[in-house]
Protein chains: 2
Amino acid sequence: MSRLGMAKKARSKATSSNQRREESLTREQIIEASIMLLDSGGEGGLTFRTLSERLATGPGAIYWHIANKSDLLTAACDAIIARTMNAPMGSALLGTTPQATIRLLALAMFDAIDAHPWVGSALTRAPGQSPMVRLVERLGQQIRAMGVPKKEHWVTVSALLNYILGVAGRNAANGQFARTEGLNRTDFLEAVSAVWSQLDIGEYPFARSMAAPMRSHDDRKDFLDGIDLILRGIGSPLRK
Amino acid sequence: MSRLGMAKKARSKATSSNQRREESLTREQIIEASIMLLDSGGEGGLTFRTLSERLATGPGAIYWHIANKSDLLTAACDAIIARTMNAPMGSALLGTTPQATIRLLALAMFDAIDAHPWVGSALTRAPGQSPMVRLVERLGQQIRAMGVPKKEHWVTVSALLNYILGVAGRNAANGQFARTEGLNRTDFLEAVSAVWSQLDIGEYPFARSMAAPMRSHDDRKDFLDGIDLILRGIGSPLRK
DNA sequence: ACCTGAACACCGTTCAAGT
DNA sequence: ACCTGAACACCGTTCAAGT
């Protein structure tokens with residue numbers, strides 16, 4: 001569309017009349033375009049062909065700047081996480097308790113993954129890489145501030161991290177699944193709730209009883225309640 | 001290989017001389033073969049072509065019994081979860097505390113996802129479907145038995161579920177990632193730990209301090225410790 | 001140094017045609 | 001009712017050839 005034309009013009013203009021400007025494709029441009037494609041088209045929306053169209057080049061050009069698709073996904077994911085962890089909530093955090101800060105961090109991640117659902121699965125596929133490092137660092141500093149003994153740092157950060165990524169990822173998957181079926185999230189939950197409410201009462205009594213809360217629940221609120229549950233566990237003495 | 005030949009012979013023999021035996025491909029056969037392919041070749045190992053080779057048919061035949069690949073993955077996933085939740089740990093569970101039962105259930109899931117790493121991501125992509133129902137039911141019955149008030153059932157089951165699937169999934173992803181890089185899990189953790197230990201100390205002090213525990217930790221033990229952390233939270237009174 | 005774009009070896013899925 | 005297998009419209013990735 002016009003976007004393509006503009007990109008092409010901008011680049012050729014830079015090449016012809018502006019020497020100091022980056023004349024060539026940059027890694028950042030590629031990642032930025034990837035994020036837009038992932039946001040609008042889901043995981044399947046990012047293709048070396050659509051991407052190169054958007055950047056007004058050939059598919060081969062991208063491989064000069066990026067190793068492969070997995071590399072590209074990790075980089076896009078990292079960009080989102082970096083933005084989220086460095087967001088200007090910084091000042092609001094000072095002076096409150098570490099618990100409150102953890103809640104804010106968790107909520108920021110929840111909202112980021114909600115806005116960029118593909119981040120959920122990308123994070124799982126890139127263990128130990130830079131997106132994860134950023135997350136662990138921010139959570140860890142609050143765990144330290146809470147006075148959790150060093151021996152428990154690893155378990156504590158792992159419990160929080162996995163809960164956050166687990167719920168946020170599942171929430172995002174709900175949204176994507178709903179979109180695939182052509183429903184909005186409310187209608188989707190309505191539909192799942194309807195199915196659960198008709199489960200065999202002898203075999204699935206508990207799951208059946210979850211149909212009602214599923215229909216009326218607030219994803220963000222429940223997410224925070226779970227964080228509180230874990231924070232409570234962190235604060236409690238060991239049972240045995 | 002010989003397996004292919006055998007399958008072919010068995011089916012043609014059934015067709016020619018045994019009337020009551022299933023002459024045609026069944027959904028179960030397809031799912032079973034899919035599980036084997038997924039186990040040995042990872043997510044990319046399941047292909048309609050490899051699958052139909054293994055079943056000694058054409059790719060089109062599978063579509064008579066299965067809607068599409070997503071349907072196939074969910075069905076394979078459900079088969080694993082069903083087996084895991086109905087495993088003969090049943091008798092050992094009676095008479096112990098609900099907490100102990102939850103630990104056993106969680107560990108069974110951890111081991112199942114460790115043995116079938118593709119289950120982790122398949123579960124995320126099929127929210128609200130039958131695999132999930134089975135899990136929620138088993139966990140929920142124990143939550144009831146613990147005397148958790150009804151109002152907290154939803155949050156509690158969601159916290160446990162997400163922790164279990166989150167950690168198990170991440171653990172499985174570690175294993176797969178390592179395999180892709182041609183390492184075993186120990187060497188992989190060693191490598192990640194080495195990278196983390198060289199992070200900038202000003203920017204990532206906490207993540208850096210996690211390098212050591214990452215090298216020496218026991219995945220299953222840490223997983224259980226996290227479960228205990230959450231169980232502790234469930235047992236504690238609300239803070240405010 | 002960076003880009004082009006055709007080519008390769010795959011995918012999931014469909015569908016006329018068979019039995 | 002169930003299967004065959006060629007065909008379609010895609011993928012990610014490579015690589016000779018260009019500038």
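Any value given below was found using the heavy atoms of this structure, including those in side chains, with hydrogens, waters and symmetry copies removed. Every chain is numbered from 1, with letters handed out A, B, ... down the list of sequences. This one's a predicted model, so the numbers in the text were calculated from it and none came from an experiment.
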Inset, instruction - State whether A:Glu43 and A:Arg179 are salt-bridged, where the test is any N-O pair (Lys NZ or Arg NE/NH1/NH2 against Asp/Glu carboxylate O) under 4.0 Å. - result: no
Legend entry - Whole angstrom value for the distance that separates P of C:dC10 from CD of B:Glu43: 20 Å
Inset, instruction - Take the protein atom CG of B:Leu55 and the nucleotide atom P of D:dC2, then report the distance between them rounded to whole Å. - result: 16 Å
Inset, instruction - Select base, sugar-phosphate, or nothing to describe what A:Ile62 touches, counting heavy atoms under 4.0 Å on all strands. - result: nothing
Inset, instruction - Taking only the side-chain heavy atoms of A:Ala61 (C-beta and beyond), determine which of C:dC3, D:dT14, D:dG5 contains the nearest atom. - result: C:dC3
Legend entry - A:Ser158 side chain near A:Asn162 side chain, heavy-atom distance below 4.5 Å: yes
Legend entry - Phosphate OP1/OP2 of C:dC2 contacted by A:Trp64 side-chain N/O (<4.0 Å): yes
Legend entry - Nucleotide nearest A:Ser24 when distance is taken to its side chain, options D:dC3, C:dG5, C:dC3: C:dC3
Legend entry - Between C:dG5 (P) and A:Tyr63 (OH): distance, integer Å: 17 Å
Inset, instruction - Can you tell me the distance, in whole Å, between the CG atom of B:Leu46 and the P atom of C:dC11? - result: 10 Å
Inset, instruction - Would you mind reading off the distance between A:Lys69 atom NZ and C:dC10 atom C1', rounded to a whole angstrom? - result: 14 Å
Inset, instruction - Rounded off to whole Å, could you give me the CG-to-P distance for the A:Leu73 and D:dG12 pair? - result: 10 Å
Inset, instruction - Quickly work out the A:Ile66 CD1 to C:dC3 P distance and round it to whole Å. - result: 12 Å
Inset, instruction - Establish, with yes or no, whether the OP1 or OP2 oxygen of C:dA1 is under 4.0 angstrom from a side-chain nitrogen or oxygen of A:His65. - result: no
Inset, instruction - Check each of A:Asp78, A:Ile81, A:Leu161 against A:Met132 using the side chain to side chain contact (heavy atoms under 4.5 Å, CB included) test, and report the only one that passes. - result: A:Leu161
Inset, instruction - May I ask you to test the B:Gln29-B:His65 pair for a side-chain heavy-atom distance under 4.5 Å? - result: no
Legend entry - Pairing partner of D:dA1 (Watson-Crick or G-U wobble, both distances under 3.5 Å): C:dT19
Inset, instruction - May I have the distance from A:Arg27 (atom CZ) to C:dA1 (atom C1'), rounded to whole angstrom? - result: 17 Å
Inset, instruction - Return no unless some side-chain N or O of B:Thr47 is found under 4.0 Å from OP1 or OP2 of C:dC11. - result: yes
Legend entry - ring-ring contact (aromatic ring centres under 6.0 Å, His included): pairs with one or both residues in residues 36-58 of chain B, sequence neighbours excluded: B:Phe48-B:Tyr63
Legend entry - Pair assignment for D:dT14, Watson-Crick or G-U wobble, requiring both distances under 3.5 Å: C:dA6
